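To start, the structure itself, in structure tokens.
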Amino acid sequence: MLDNKGFDLWAGTYDQTVEETDDEKSYPFAGYKEIINEIYKRILNSKVHRVLDLGFGTGRLAKALYDQGLEIFGQDFSEEMLKLAKEKMPKGNLYLGNLADGLASDLIDKKYDAIVGTYSLHHLDDKEKVVLIKFLLTLLNDGGKIYIGDVTFESRRDLDACKREAEKYWDDDEIYFVYDEIKKSFPDINFEKFSFCAGLLTLAK
């Protein structure tokens with residue numbers, strides 16, 4: 001798994017790499033653009049003003065929402081990604097920090113209409129994911145939603161099948177969502193499959 005320094009080095013070519021992998025329908029980004037676009041449409045079609053983006057990267061989704069006049073808050077652990085995102089969103093409220101260490105203090109004293117995490121929460125282990133999501137629910141306004149788009153599988157069997165198919169490209173250090181397992185902690189969470197290795201998890205308050 002890449003650490004923040006690895007993502008600093010990857011920042012300049014990250015979007016290109018993602019595009020190419022998605023176009024090839026390859027692990028780990030097959031379905032990426034479709035998921036990002038779906039989250040974007042759902043947020044715009046709901047009564048959302050303030051969005052919290054966790055692990056915003058180069059700001060692809062956040063910038064699209066920012067351009068529609070939404071108030072954007074976010075946190076990412078890569079300084080270079082943060083720089084790129086700030087250039088795109090000069091009035092965005094963006095902070096540097098590792099999600100495993102918690103959220104920046106300026107982010108936890110506010111309420112949000114939507115919280116998104118796209119291809120970022122797999123850096124947390126399963127227990128950390130549960131703790132974070134429970135906390136994020138406390139930051140949502142009534143009727144708000146959490147959108148998690150990531151390498152995600154309906155079952156452990158599906159994950160294992162993808163691991164066999166991906167072979168040498170599989171990242172054993174990344175910990176992916178398994179719907180059958182995460183719903184034990186969040187019975188109301190919804191899962192939608194977008195590719196053999198990607199899905200969208202949605203949880204409403």
Side-chain angles (χ1 to χ4, degrees), residues 2 7 10-78 80-89 92-94 99 112-124 129 132-133 136 140 144-154 162 166 169 171 174-177 179 182 189-204:
L2 292 176
F7 275 90
W10 193 12
T13 59
Y14 178 84
D15 288 336
Q16 179 182 349
T17 301
V18 170
E19 289 274 353
E20 291 174 352
T21 308
D22 190 6
D23 290 343
E24 293 169 358
K25 302 187 184 306
S26 300
Y27 162 87
F29 292 114
Y32 175 90
K33 291 193 294 289
E34 190 177 357
I35 287 176
I36 296 295
N37 290 339
E38 186 63 26
I39 295 173
Y40 171 79
K41 288 188 295 184
R42 292 186 189 185
I43 287 178
L44 286 189
N45 288 334
S46 56
K47 295 180 180 180
V48 171
H49 173 68
R50 179 179 288 172
V51 177
L52 173 61
D53 190 339
L54 300 177
F56 50 76
T58 60
R60 179 169 183 153
L61 174 59
K63 173 66 162 57
L65 296 170
Y66 177 90
D67 286 345
Q68 295 297 319
L70 277 65
E71 188 178 10
I72 301 298
F73 291 77
Q75 179 170 314
D76 198 280
F77 75 162
S78 166
E80 289 302 316
M81 295 280 197
L82 178 64
K83 288 179 182 177
L84 290 173
K86 280 188 171 181
E87 289 175 1
K88 298 175 183 178
M89 300 176 284
N93 305 279
L94 307 178
L99 294 177
Y112 304 93
D113 304 308
I115 299 175
V116 302
T118 53
Y119 291 79
S120 57
L121 301 190
H122 58 245
H123 296 291
L124 304 176
K129 289 185 181 73
L132 176 62
I133 293 171
L136 295 179
L140 277 177
K145 289 185 178 180
I146 297 173
Y147 298 95
I148 301 170
D150 211 320
V151 179
T152 305
F153 303 93
E154 186 168 5
C162 182
Y169 299 107
D171 191 337
E174 294 185 342
I175 303 166
Y176 302 127
F177 282 95
Y179 173 63
I182 193 69
I189 199 166
N190 183 60
F191 170 72
E192 297 163 83
K193 183 176 179 178
F194 280 76
S195 78
F196 71 96
C197 65
L200 175 60
L201 295 166
T202 308
L203 186 60

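All figures in this text were calculated on a predicted structure; none of them were measured in a lab. Just so you know, residue 1 is the first one in the sequence shown, and it goes up from there.
Heavy-atom minimum distance, Met81 versus Phe56: O-CE1, 4.3 Å. Listed here is the closest heavy atom pair of Pro28 and Cys197: O-SG, 3.8 Å. When all heavy atoms of Phe196 and Lys25 are compared, the pair lying nearest together is CE2-O, 3.4 Å. Residues Gly57 and Ala85 approach most closely at O-CB, 3.9 Å, considering heavy atoms.
The salt bridge (Lys or Arg N to Asp or Glu O under 4.0 Å) test applied to Lys145 returns no partner, not counting sequence neighbours. Applying the salt bridge (Lys or Arg N to Asp or Glu O under 4.0 Å) test to Glu192 and every residue at least two apart in sequence or in another chain returns Arg42. Taking the ring-ring contact (aromatic ring centres under 6.0 Å, His included) definition, one finds that Tyr176 meets it with His122, Trp170, sequence neighbours left out. Here Lys47 pairs with nothing under the salt bridge (Lys or Arg N to Asp or Glu O under 4.0 Å) rule; sequence neighbours left out. The ring-ring contact (aromatic ring centres under 6.0 Å, His included) check on Tyr112 picks up Phe73, with sequence neighbours excluded. Not counting sequence neighbours, the partners of Lys33 by the salt bridge (Lys or Arg N to Asp or Glu O under 4.0 Å) test are Glu19, Asp22, Asp23.
Leu94 contributes atom CG, which lies 6.0 Å from atom CG of Leu82 (distance to the nearest 0.5 angstrom). Atom NE2 of residue His49 and atom CD1 of residue Ile72 lie 9.5 Å apart, to the nearest 0.5 angstrom. With values rounded to the nearest 0.5 angstrom, Leu84 atom CG is found 12.0 Å from Lys86 atom NZ. For the atom pair Ile35 CD1 and Phe29 CZ, the distance stands at 11.0 Å (nearest 0.5 Å). Distance check: Gln68 CD to Lys63 NZ gives 10.0 Å after rounding to the nearest 0.5 Å. Separating the CD1 atom in Ile39 from the CD atom in Glu34 is a distance of 11.5 Å, to the nearest 0.5 Å.
Among the candidates Ile115, Leu65, Asp113, the single residue satisfying the side chain to side chain contact (heavy atoms under 4.5 Å, CB included) test with Val51 is Leu65.
At a threshold of 4.5 Å between non-hydrogen side-chain atoms, the residues Tyr119 and Val151 count as touching. Leu203 is not listed as a side-chain neighbour of Leu136, based on a closest heavy-atom distance of 4.5 Å or more. Residues Tyr40 and Leu61 form a side-chain contact, since some pair of their non-hydrogen atoms from C-beta on lies under 4.5 Å apart. Side chains of Tyr179 and Lys193 form no contact here, defined as non-hydrogen atoms less than 4.5 Å apart. Inter-residue side-chain proximity for Thr152 and Ile182 is flagged as unmet; no heavy-atom pair is nearer than 4.5 Å. For the pair Leu44/Leu70, a side-chain contact is recorded, criterion being any heavy-atom separation below 4.5 Å from C-beta on.
Between the Asp53 side chain and the Gly74 main chain, no donor and acceptor come within less than 3.5 Å of each other. The backbone N or O of Ser78 sits less than 3.5 Å from a side-chain atom of Asp76, completing a donor-acceptor pair. Between the Asn190 side chain and the Thr202 main chain, no donor and acceptor come within less than 3.5 Å of each other. One N or O on the side chain of Lys129 and one on the backbone of Ile175 form a donor-acceptor pair closer than 3.5 Å. With hydrogens and angles ignored, the 3.5 Å screen pairs no side-chain donor or acceptor of Asp150 with any backbone N or O of Thr118. Looking only at distances, a side-chain donor or acceptor of Lys88 sits under 3.5 Å from a matching main-chain atom of Thr58.
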